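Working notes, beginning with the structure itself.
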Amino acid sequence: MDNYERLEGKAVAILFSNESNGYTVMKLDCGVTEPVTVVGCFPYAAPGEYFELYGNWTEHRTYGQQFKAMGGERWLPQTPEDIEAYLAVGIFKGIGSATAARIVERFGERAFSVIAEEPERLALIQGITLERAKKIQHQFNERMELRRLLEFVSEHGLSPEIGMRLYRRHGTMAASIVANNPYVLVDAYYGVSFPMADLFARDLGLADDSPMRFDAAMKYVLIHNLSNGHVFIPAGKLCAAAAALLDLGSPEEMEPSLARLCEKGEIHREPVLREDACYLTELYEAEDSVARRLADMVRRQPYPLPADAIAFAEQESGVTYGKRQREAILGGAALPVMVLTGGPGTGKTTAIRAIIRLCERMHRRVTLAAPTGRAANRMSEVCGLEARTIHRLLETVFSEDKSSQEFGRNEENLIDTDVLIVDELSMVDLPLMHALLRALPADASLILVGDADQLPSVGPGNVLKDMIQSRHIPTVHLDTIFRQAQESMIVMNAHAINDGKVPELKSAKDFFYMKRTSGSDIAKTIVELCTVRLPKFFKIDPSQIQVIAPSKKQEAGTVSLNRRLQEALNPAAPGKAELRMGDSVLRVGDRVMQMRNNYDIVCERPDTGETTFGVFNGDTATITAIDLASQIVTLTFDDRRVAAYTPELLNELDLAYAITVHKSQGNEFPVVVLSVFDADPRLLSRNLLYTAVTRAKSQLVVVGSDEVFAQMVANNVRHKRYSALHMRIRAQFE
C-alpha cells in the first residue's frame, strides 16, 4: 500500500451505486476544496459516512480529476445530522426520510446501537412494528458484517471486489471462513492466483507447513489445468507442479497431501491408460457418467424407419444422396446415438436437413442446439428450424452466490424432445456434455455433429475425438467433397491443409492471398482491406469482415490490429463517448468480446423483458452507450441481451475487430481476413490453420508469409490432453 496516495473525507453525495458488485461513484468532502469524485467498491455507501482511502488520482477527460480507491476504511456517521442523512437515503427498507428524522430525534447519537442491539426500542417509533424493526436490525447487521469483511481483506492487500465475492458465497460467515482457511480463495470463482492467496495466508500468520497450504496447492494445479484441456493430471506431474508452487525440494513431499485429499473425496485417483491419474472428483464423475450414458444409448434398439426413407428424403429435398450421406441419414433417424463428422463441403448440413424431415415424418420432435449464438443462428438458417445455444437449451441459471452455473434442465426437468441434434461438437467440453446427457430423456435420440480436425474445446476434455476414438459410438465420416463445394477454393484448400498438403496460394473467386513479409506490412494491408478494398469490391459493410490471427502478440497480432482497426473504423469524433483505460480506449460503436465467464453480470432482453445472470467467454457485443459520469458502459450482445458494465468489469473485455483463431471457434463469418506471421511454434499448427480457414463462409483473404503458412501445414503436432473418455466408453463393452 506504500505506493498509493491517501484521501480522507465525508461522503456528501452518491452519484451512482451498483448493489450487485458494490461499485460506487460518490462525492467526498475532504475539507479543503470542492468535494472530489471518488470511484471504488463501497457497497451501500450513503451521505454522512467517513472514509479513509488509499488509491490513485486519475484524470478524466470530461470530468477532470477522480480518485480511484483501491481500498480503505469507512466509519458510520457520528453527529445526529449526519446519522439522519445516512438513514434518510433509503438504504434500509422500512426507513425513509420521515422515519429517519423520528429515529434521530428519539435516540440521537445512539441510533445505530439501538438498531443493531435493541430492535424492541426501535419499535417504539411511530410507523415501525416489532417485526419491521427486526428486519431493519437484520439488514443493518448484515451490512456492518460486509463492511468489516471488506476492511479485513483490504488490510491484507486484497481488493474489495474479492471481498464482495466472498460475501456472496458465504454471507456473514465469510470473514471467519477466509480467516480460518485463506486458501478458499484458490477457487476459480475469486480469480486469485495461488501465490496471491499464499501471501494472504502468510500475512495472517499461517505456517508454511500447514496441511491446508499443501492441499490448496494440489487443488490449484488441477483447477488451473482445466483451462489447458486436461481432465486429469498424472500423479507425478501433479506433485511436481504443486511442489514447485511451494518451493519444495522434492515432489515426494506432496504425497501425504494427495493421500489426504483422496481420503476426503476431493481427488479421485486410479490407474488410467498406464497413468496414475488424479482427477478433481466432479470431473471424474462427469467422465464416468458420460461414458455410461453413451454406452446405455448404444445398446438401445434402433427406431423403425419407413421402408421408403431415402426415397422420401430425396423427393423432399430434390437431392440424390451419396453412399455415406445415405448411411448418415438412415443412422441419424434410427439410431439412439450417432456422431456425424466431416470437413467443409462434404454434405453434413444436407444430411441433417434430411434427418430432420424423416424424424418429423415419424412424428418425432426435433430440437437443434449449438455451443455459440452465431453457430445456433447459422443452424437455424440452413435447417429451417429454430436452434438454441446449449446454455439456453439447458436453461442455465446461476447459484445464489453467482459463483457457478446450474442448469434448469436436468434429470428432474428433462428437455422436452424426441431427437436432439447438436452442431459444432468439437467446442463442447466434458462438463457441458455431462449436463446435456443428464437432461436428455431416456428414450430420446442424440445426433452429434462436428469436425474432429478442428481445434478442441477451450474447457476440459476432448469429447468429439474421444467418442470417435472409442470405436463404440456409431460414427459416419463424410469425406466426399460435392461438386458444388469443389468450386470453392476455401473448401478445397481446407481439405488440402487437413491432408498435410500446402495448397497453391493463388487468388480465386473466394480465396485471395497477399504476400507480406513484415508485421507492419501485414497490419497496414489488413487495415486497408477492412476499411476500403473489401467493402468497395464486395459491396459489404466492414462489420461483415472478421480479422483472425493465430496470436495476440506482435505487430500483426490481434492487440496491435485491434488498435489500428479501431482508429480506422471507429475513430474518435465530437459527441462520441469514449472511456480511456490505461493505454486502451473503448468507444460507442466498438465491437468487443468477453474474455472470461462472469456469472455476476446482469443481462436483460428488451424484446422479452427477461433478466438473466452471466456472460460467457467468447460472447461478442457492440458498445451502444457510455455514461461518462458513472463510467458505465452499456453493451448489446449478438443475441440481443443488454448489460451494463461497471469500470472494474471492463478489463474482461477486448476489442473484437481482430480475434484469435481459438476465439473464432464455432463461428462463421461472411468474410475472413487471416493474418499469417511467425509466432509461438505451439500456435503455428495444422489444426489451428484448418480451423481458421473454415471460419470463412464466402470469402477468405490470407495476408502474410507463405513460408509460415507452409510451416503451419507441416506442423501436425497436437498438444496432448489428459482425457480418458474413450477408454471408459470401451470399458462399458468389455
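Nothing here was measured: the structure is a model prediction, and the numbers come from that model.
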Cation-pi check, Arg269 onto Tyr279 ring (under 6.0 Å, within 45° of axis):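 No - Arg269 does not lie over the ring of Tyr279 by the 6.0 Å and 45° rule.
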Residues forming a side chain to side chain donor-acceptor pair (under 3.5 Å) with Asp288, sequence neighbours excluded: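 Result, side chain to side chain donor-acceptor pair (under 3.5 Å) vs Asp288: Arg292.
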Checking [Y] against [X]: is there a side-chain donor and acceptor pair closer than 3.5 Å?
{"X": "Arg364", "Y": "Ser445", "value": "yes"}
{"X": "Glu142", "Y": "Tyr44", "value": "no"}
{"X": "Arg591", "Y": "Thr620", "value": "yes"}
{"X": "Ser723", "Y": "Asn462", "value": "no"}

Euclidean distance, Asp453 CG relative to Ser426 OG, rounded to 0.5 Å: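 Nearest 0.5 Å value for the OG-CG distance: 10.0 Å.
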Rounded distance [0.5 Å steps], OG1 in Thr417 versus CG in Leu446: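 Between Thr417 OG1 and Leu446 CG, I get 10.5 Å after rounding to 0.5 Å.
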Within 6.0 angstrom of Glu411 CD, more than 12 heavy atoms from elsewhere: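 Yes.
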Residue Lys264 excluded, over 12 heavy atoms near NZ under 6.0 Å: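 For Lys264, atom NZ is crowded (more than 12 foreign heavy atoms under 6.0 Å).
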Parallel, tilted or perpendicular: rings of His268 and Tyr284 (30°, 60°):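 Correct class here is parallel.
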Whether His230 and Tyr722 hold their rings parallel, tilted or perpendicular, with breakpoints at 30° and 60°: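 The arrangement is tilted - the two ring planes meet at 30° to 60°.
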Salt bridge flag under 4.0 Å for residues Glu263 and Arg260: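 Salt bridge absent between Glu263 and Arg260.
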Tyr183 vs Asp215 side-chain heavy atoms within contact, under 4.5 Å: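 No, too far: nothing below the 4.5 Å cut-off.
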Any Asn667 side-chain heavy atom under 4.5 Å of Thr372 side chain: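 Yes - at least one pair of side-chain heavy atoms lies under 4.5 Å apart.
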Listed once per pair and sorted, the ring-ring contact (aromatic ring centres under 6.0 Å, His included) pairs that draw on residues 417-473, sequence neighbours left out: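 Found His472-Phe733.
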